[in-house]
Amino acid sequence: MKSPFIALLFMVVSLQACYENIEGCLDVNATNFSVTADRECEDCCTYPLLRLAVQHAYSDIEKDTSYRFNLNEVYTLDSISFFAITDLRYYLSEIKLIRENEDRVDIEEKVDIFVLNGTDTVPDNTQDNFALINRSNITPSQIGTFRENGRFVGIEFKFGLSNFDRTIFPQFLERSHPLAFGSDSLMYDLEKESYLVTRFDLARDTLPIENDTTTIQILAKDYFQQVELDFDFQVDVGFNTTIALQVDYRRWLEGVDVKTDLPEEIINKIKANIAETDPSPFEILEVRVAN
């Protein structure tokens, strides 16, 4: 007859022989961190992303409210002249979150590029934090991996592209990249070999709207504006962060005479309005943290 100790030892050994280690992600910074795993998986961890969800708005100053801005919908600035915008897209870049101590925190990814150096095309890389905002596409822009956490007090970004960024050759980038040729290749001027900051098609005071359409284009070399927005929020370990940014196009067009202004006049007024801080045409509505 076996002693109780021998029986217990036999049972423990048997259980250990039957137990299989659970494989999973053991990095607490990952979105798929597993509390039950006891063996590290190979390249299975996924890390938090920073996303930008743009809500397009058009404000009614008299009623102190705003509405969703839609392409091909008729709007007015002065209750006399009417217009519609049939296409709207623009670049944001150098997107960073701001800590209480004013440190700017960037995403992790870099992108391999080719740029013009004199008359030569040379390889290089740059921080891959670009967003091409297209009113026809409501999908949030994925900026990149962001493993930082803690309290933040705002966001900083540039409206447009830097002098360096606009020397990038789009044909060497993956088709899905915001700066690449593709469905949004309208944002690169082949003749001038330069990106656009903004492009929109303005249909002036006419029905049907396609009778008189003026294309407004701001070239990247003409404009690169910093925007800084205050907002207090917490980023948790292992969670994705989505910033809901509202853009008010009524404030973009402040002072524009849509009936008579020439494209260059409209461009100059839009540039001045985007630089405004009180009030800014940009506003953070909320910050969503989820896995």
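Of the residues listed (Leu186, Asn137, Leu196, Thr198), the one engaging Arg89 in a side-chain contact (heavy atoms from CB on, under 4.5 Å) is Leu186, and it is the only one.
Thr145 and Glu109 are linked by a side-chain donor-acceptor pair at a separation below 3.5 angstrom, with hydrogens and angles left out of the test. Between the side chains of Asn70 and Arg135, at least one donor N or O sits under 3.5 Å from an acceptor N or O.
Note: Ile218 CD1 to Gln225 CD = 11.0 Å, rounded to the nearest 0.5 Å. In this structure, the separation between CG on Asp257 and CG on Asp78 is 7.0 Å, given to the nearest 0.5 Å.
Hydrophobic side-chain contacts under 4.5 Å tie Phe33 into a cluster, directly or through other members, with Val28, Val35. Through direct or indirect side-chain contacts shorter than 4.5 Å among Ile, Leu, Val, Met, Phe, Trp and Tyr, Val153 is connected to Ile98.
Judged as a side-chain contact (heavy atoms from CB on, under 4.5 Å), and not counting sequence neighbours, the contacts of Asp201 are Thr86, Asp87, Arg199, Thr213, Thr215. Not a single side chain to side chain donor-acceptor pair (under 3.5 Å) links Thr277 to another residue, sequence neighbours left out. By the side-chain contact (heavy atoms from CB on, under 4.5 Å) test, Asp27 pairs with Cys25, Asn29, Ala30, Cys45, Tyr47, Arg147, sequence neighbours left out. Shown here are the ring pair (Phe, Tyr, Trp, His ring centres under 6.0 Å) partners of Phe159, two or more places apart in sequence or in another chain: Tyr90, Trp252. The side-chain contact (heavy atoms from CB on, under 4.5 Å) search around Glu191 returns Asp189, not counting sequence neighbours. Evaluation of the ring pair (Phe, Tyr, Trp, His ring centres under 6.0 Å) rule for Phe172 yields Phe114 as partners, not counting sequence neighbours. With sequence neighbours excluded, the residues that form a side-chain contact (heavy atoms from CB on, under 4.5 Å) with Leu190 are Phe181, Tyr188. With sequence neighbours excluded, no residue satisfies side chain to side chain donor-acceptor pair (under 3.5 Å) with Asp120.
Annotation: side chain to side chain donor-acceptor pair (under 3.5 Å) contacts involving residues 121-133, sequence neighbours excluded, comprise Asp106-Asn129, Lys110-Gln127, Asp128-His177. Sequence neighbours left out, the pairs with a member in residues 215-248 that pass ring-ring contact (aromatic ring centres under 6.0 Å, His included) are Phe152-Phe233.
Each of Leu49 and Phe146 belongs to its own hydrophobic cluster when Ile, Leu, Val, Met, Phe, Trp and Tyr are linked at side-chain heavy-atom distances under 4.5 angstrom.
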